[in-house]
Amino acid sequence: MSKRENVRDDNRDPLDPSAQVPSKIPAGLDRRKFVMRSAVIGAAAVMNGCTRVETERGAPPPAAEAAPAAAAPPLSADLNVVKKGSGPVLTTVDEFYKVGPGPSSSHTIGPMRITYDFYQQATKLPADKLDKATKLQVNLFGSLSATGKGHGTERAALAGLVGKEPATVDPKFLDGLRDKPDQVFPVKLGNKSIDVSLKDVIYDATKGDFKHPNTMTVKLLAGNEVLLEQEYYSVGGGFIEWKGYTPPTKNPPKYPFRTMKELRAHADTNKTTIAKIMLANETSITGKSEAEVNAFIDKIINAMVATVKSGLSMSEDDVLPGPIKLHSKAATVYKRAMDDKYQSDRGIGALSAFALAASEENGRGHLVITAPTGGSAGVMPSLVYGLLEVRKIDRQKIRDGMLAAAAVGYLCKHHATLSAAEGGCQAEIGVASSMAAALVATAYDAESRIVENAAESALEHHLGMTCDPVAGYVQVPCIERCAFGAVKAWTAYAIASNEIASRHRVDFDATVIALAETARDMNSKYKETSEAGLALSVTLC
Ligand code: SF4
């Protein structure tokens, strides 16, 4: 170990603000901002091997002294997604990797899971209540209302309301809703049949005092009488919560961890890999066998391969839905890349084409896999397809890679966010690229430190990336951004596997803190509202 590295105190927890906040808060400074700034500076001090004073001297002035920026509305402290960062990570693969209709985990998969959940609850109401029912109604608020039309939120919400399951809905059903929006569907609830249509999904207030930017309500009515009502939140990555939500009780993990540092320590102490630690936790938390966990991961791998193949089969003449009139280009990019003179160009071109293919499928509203979201649904499939179908890497290594990638996604969800409405595109493509870097490193049997370094590097170089989808459609910049996310993941692995791992100066946990802080400070115009950036500067004609 070099002299410089000895300065690092590896016993300090960079995610524990209490260890980093000096007792004295300067007069006139907001305590929360000061605490968070101190946490970031403390983490930076740990990363850099500098003392707090040295780091603080070089830090920018506190936010209270800087020019005021338009603040994003705060999330409610009641939400589990806000409280979650304190205990060990308990997320499991079947919660994390979800199959559902694109183009957005928060705007289509989440809302469809919400209305499907409501539909299932409604079917369980007593018969005398159901006999009175006359109407089902969905109200969309905040970002769901602001950009929902571009995402097809109303179609996804209606599909769940009529009892279609997100993971198995036929994309043709959703295409049919787009092509014939006046269709009416009978929903059978007990003895009653209630007609519903897209008119029952209402785009409501875009601004207000919501617990989460992606808020919606679903009601079963008897005239003006409310028989059943629930307020829901689509909190990112297809995860949903509702008013009064309590997370499901789970068994304790075999290897509890809150940070990458703790996760890696388990792997290193037990002389095993991050993937094996994750597999042990999956079985201990859920009670499932290893074979059952692997069977689920195989389903996700197969779905990822299928989405790339399906996207590559579309011709350049295919035009994606919406006003941008974007032509599919995955197949063309792939074919032309194969003719490139240099092997490296062929590799980058192919990787980009695979990401474009899966992402274009998302743009079509077809089935995609949240890894971690719909907007980023091209990144992981690109690497999975490339490793499995092109390089013919053993499937078990891909399974291990999926588990290591999940660990990266869980930690970002645990301490920061996967929602563009909360954190911009760094929370979607940035996290996806970081996951994909961990996948590649694991598939190539890299040691745990290299897996961490690759994931860190990919996330670091997406920090600050805004979300400003043109016309509210998850197409521009989203589709090409998936290709960049995939290539950056490969670059991150290339650097991490060729540098001296112990000299990598930025640890993953510090970058997750930066992700969370940047998400908090980002102007709300850049959080999936289509109010700024490319959404304003691109003119459609
Ligand atoms: S810009 Fe990024 S975060 Fe926003 S919708 Fe597109 S992919 Fe998602």
Side-chain angles (χ1 to χ4, degrees), residues 72 100-111 142-144 146-153 156 213-214 234-239 320-322 324 326 352 355-365 368-382 409 412-413 416-436 458-459 461-489 515 518-519 522-538:
S104 163
S105 53
S106 57
H107 283 57
T108 46
I109 298 176
S143 172
L144 290 180
T147 63
K149 281 200 179 108
H151 291 90
T153 303
N214 297 328
S234 176
V235 296
F239 287 91
L320 297 180
I324 307 177
L326 199 65
S352 303
L356 293 173
S359 190
E360 284 172 357
E361 277 294 278
N362 185 55
R364 290 181 192 101
V368 291
I369 305 95
T370 59
T373 64
S376 59
V379 181
M380 282 280 289
S382 167
C412 292
K413 174 177 177 282
T417 177
L418 305 178
S419 162
E422 276 181 73
C425 199
Q426 55 174 355
E428 290 204 12
I429 301 279
V431 175
S433 185
S434 182
M435 289 170 58
L459 185 60
H461 300 294
H462 286 89
L463 288 178
M465 196 156 76
T466 57
C467 170
D468 46 6
V470 172
Y473 278 72
V474 188
Q475 296 178 6
V476 178
C478 321
I479 290 172
E480 286 189 3
R481 208 165 260 187
C482 281
F484 281 87
V487 173
K488 270 196 202 177
L515 172 67
T518 311
M522 190 181 278
N523 190 305
S524 61
K525 289 193 295 187
Y526 296 102
K527 294 183 178 183
E528 208 167 9
T529 56
S530 288
E531 288 176 358
L534 280 174
L536 275 195
S537 66
V538 172

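Indexing begins at 1, ligand by ligand and atom by atom, following the structure's order.
- Summarising the local packing, CD of Glu531 is surrounded by more than 12 heavy atoms from other residues, nucleotides or ligands at distances under 6.0 Å.
- Within the 3.5 Å criterion, the main-chain N or O of Glu528 finds a donor-acceptor partner in the side chain of Ser143.
- The number of protein N/O/S atoms found under 2.8 Å from atom 8 (Fe) of ligand 1 is 1.
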Mind running side chain to side chain donor-acceptor pair (under 3.5 Å) on Thr373 and Glu428 for me, showing each step along the way? CA-CA 6 Å; Thr373 64; Glu428 290 204 12; 3.0 Å; yes
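- Without hydrogens or angle criteria, Asn362 side chain to Val368 main chain gives no donor-acceptor distance under 3.5 Å.
- Remark: side-chain polar atoms of Ser433 are paired, donor with acceptor, to backbone N or O of Gly485 under 3.5 angstrom.
- Ile429 pairs with exactly one of Pro372, Cys482, Pro477 by the side-chain contact (heavy atoms from CB on, under 4.5 Å) rule, that one being Cys482.
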